[in-house]
Amino acid sequence: MGAFALRATIVQAPEPGRFETVPDAVITVEDGWIAAIEAGGGGEVDVTIGAVDGVGSGAVLVPGLVDLHVHAPQFPQLGTGLDLPLERWLFDYTFPLEARFADTAWAIRVWDSLVPALLANGTTTAVYYGTTHVDATTALADACRRHGQRAWVGRVGMDHPEQTPEWYRDATAVDGVAASAASIASIRLLDPVGDLVRPIVTPRFVPACTDELLTGLGELAADTGALVQTHCSESDWEHGHVIDRCGVHDANALDGFGLLAPGTVLAHSVHLDDADRALLVDRGAGVAHCPLSNAYFGNGVFPLRRALEAGVKVGLGTDIAGGPSASLLENAAATVTSSRMLRDGVDIDVSAGERPRPDAAVDAATALWLATLGGAEVLGEPIGLLEPGRRFDAVALRTDRFGTWPEVD
Ligand code: GUN
Ligand code: FE
C-alpha cells in the first residue's frame, strides 16, 4: 500500500459532547495506518480534500461511519412494510424476503447494490446479518471485500419451531451450529488476516432460537474467537417473551448461553434495567442504538444517557430495514431528536408542566461520537478517530451539497 500524505480539514468527536476541528491538517498514512497528523501543515501532499478557502465550500474529513446493525437481506424492503409490530413484521414480510436468498445469484445482485449504497452514505464499517444461507452470507462478505468496506458478516442462526416458519429455519440446533461454523470458515478463507472482513456469530434473537442452538453458538464463538451479535430487549413483546420463557431478562439469558463477551453487539437494548446495564459493562458487551427502528418497534426511546453514564459501550445502527433509512448520519440526527423527546415527553396531556427526564438529551457532538468512535469501541477496532496509531478510515463529507450558502461580504 505504501505511504502517502493528504491535506484536509478534519472534523471529529474524540469524546461524547465534544467536536474537534483540525484545520488544514496534513495526514501521513503508511500501509493504511495514520503515522502523523500536523495541523496547518505545510509541504507537498499527494491529495487535497475539499477547498480550504472559506465557509460553505469544499469538504471536510470525518472518521468513517460505523453502522453496528444492518440486516443486509432486508435492503429490498427498505422504507416499506413498517405498519406491523415486530413479531408480525417478521412473519409477514421479513422471513419470506430472507428466504429468497437461497438463490445466491439474486443475493449477489442485492449485495452489489447495498454495499455501495452504504459506502456512499459514509459507512466504511458495517456489522451485517446475512441470512440462514451459508453461500449467500459468504457472498456478502465477498461483496464487502470487493467494494472495500470493513465488515463483520454473520450467518443467521434460527431454529425455534414456534417462532420461525418451517420454510426458513435451521432444521435442528446441530445443523445450525454446523452451518455457522462452515460460514465462519468460508469467510475467513476470503480474508485470512481479517484486515477487512470477518465473521460474527449471529443467533437472530432468543425467541427465534432454541436453548440448544443458543448454547451451541456461544460455544462456537468461544472456540473460534469470533465476535457475537444478536438482538436484546428490543420491544415490549420481545422483552416479555424472554422473561416468560427464561425467567430472566434478555441480557441475563444471553449471558447464560455464553453470548455476552467483549465485542458482543446487542441491537436495541431499549428495555434494559440497572442490573442489565451493569452486566453489559462487566462483560464488555456493547449496544447498537437504532433510534429510527426503535420508533417503529421499540415501544419507547432508548435511555442513551443512562447507558453512557453507567459505562455501557454504545454505537449506532440503521437496522435496515426495521429502520427506514440507510444513512447512519440520519440516525445520528434521530439520536438527538429522540433523546429530546425522551427528555420532554411526547404526550402534551401527560407531560405538560413537567420535564419527565431532565437529563436525557444528547447533543450533535455526542451523536457524531456514537456514529464513529463509539461504534469502534464497541467492536474494539482502531478506527473511529483520525489520530496516529489508528487505521486511516475516513470519509470526505461535502459541506456544500444541500444548496449554496448566502454570499456574505
Ligand atoms: N428481531 C429479530 N429479528 C429481527 C429483525 O430482523 N429486525 C429487528 N429490528 N428485530 C429483530
Ligand atoms: Fe435488527
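Counting starts at 1 for both ligands and their atoms, following the listed order. What you are looking at is a predicted structure, and each value in this text was computed from that prediction instead of being measured.
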Task: Side chains of R169 and T164, donor plus acceptor under 3.5 Å - done: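 R169 vs T164: donor-acceptor pair found between side chains.
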- [ ] Please check if any side-chain donor atom of H239 sits under 3.5 Å from a side-chain acceptor atom of D250, or the reverse.
- [x]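 Their side chains do not contain a donor-acceptor pair, so the 3.5 Å distance test is not met.
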- [ ] Would you indicate which of Y296, F95, F205 comes nearest to atom 1 (N) of ligand 1 when only heavy atoms are counted?
- [x]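 Selected option, by shortest heavy-atom distance: F205.
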- [ ] Hey, can you tell me if F91 and F95 have their rings parallel, tilted or perpendicular (30° and 60° cut-offs)?
- [x]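 Plane angle over 60°, so perpendicular.
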TODO: Would you mind checking if E381 and R390 are paired as a salt bridge, meaning a charged N to carboxylate O distance below 4.0 Å?
DONE: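 No, no charged N to carboxylate O under 4.0 Å.
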Quick check on contacts: which atoms of ligand 1 are under 4.0 angstrom from a heavy atom of [X]?
{"X": "H231", "result": "1 (N), 2 (C), 3 (N), 4 (C), 5 (C), 7 (N), 8 (C), 10 (N), 11 (C)"}
{"X": "H268", "result": "9 (N)"}
{"X": "W89", "result": "5 (C), 6 (O), 7 (N)"}
{"X": "L90", "result": "3 (N), 4 (C), 5 (C), 6 (O)"}
{"X": "E234", "result": "1 (N), 8 (C), 9 (N), 10 (N), 11 (C)"}
{"X": "L86", "result": "8 (C), 10 (N), 11 (C)"}

Looking at [X] versus [Y], is the centre-to-centre ring distance below 6.0 Å?
{"X": "F101", "Y": "W111", "answer": "yes"}
{"X": "F302", "Y": "H271", "answer": "no"}
{"X": "Y129", "Y": "H231", "answer": "yes"}

Open item on the list: Among the N, O or S atoms of H231, which one sits nearest to the Fe ion (ligand 2)?
Closed with: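 Relative to the Fe ion (ligand 2), the closest nitrogen, oxygen or sulfur of H231 carries the name NE2.
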Task: the Fe ion (ligand 2) to nearest N/O/S of H71 below 2.8 Å - done: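 It does: H71 brings an N, O or S atom closer than 2.8 Å to the Fe ion (ligand 2).
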TODO: I would like to know whether Q149 and T124 meet side-chain hydrogen bond (donor to acceptor under 3.5 Å, both in side chains); could you show each step before the answer?
DONE: CA-CA 5 Å; Q149 185 180 51; T124 57; over 6 Å; no
Task: Face-on cation placement of R100 at W106 ring, 6.0 Å and 45° thresholds - done: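 So R100 does make the cation-pi contact.
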Please determine if [X] has a nitrogen or oxygen closer than 3.5 Å to a nitrogen or oxygen of ligand 1.
{"X": "Q74", "result": "yes"}
{"X": "D319", "result": "yes"}
{"X": "R204", "result": "yes"}

Open item on the list: With rounding to 10 degrees, what does the angle D319:OD1 / the Fe ion (ligand 2) / H69:NE2 come to?
Closed with: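 Value, to the nearest 10 degrees: 80°.
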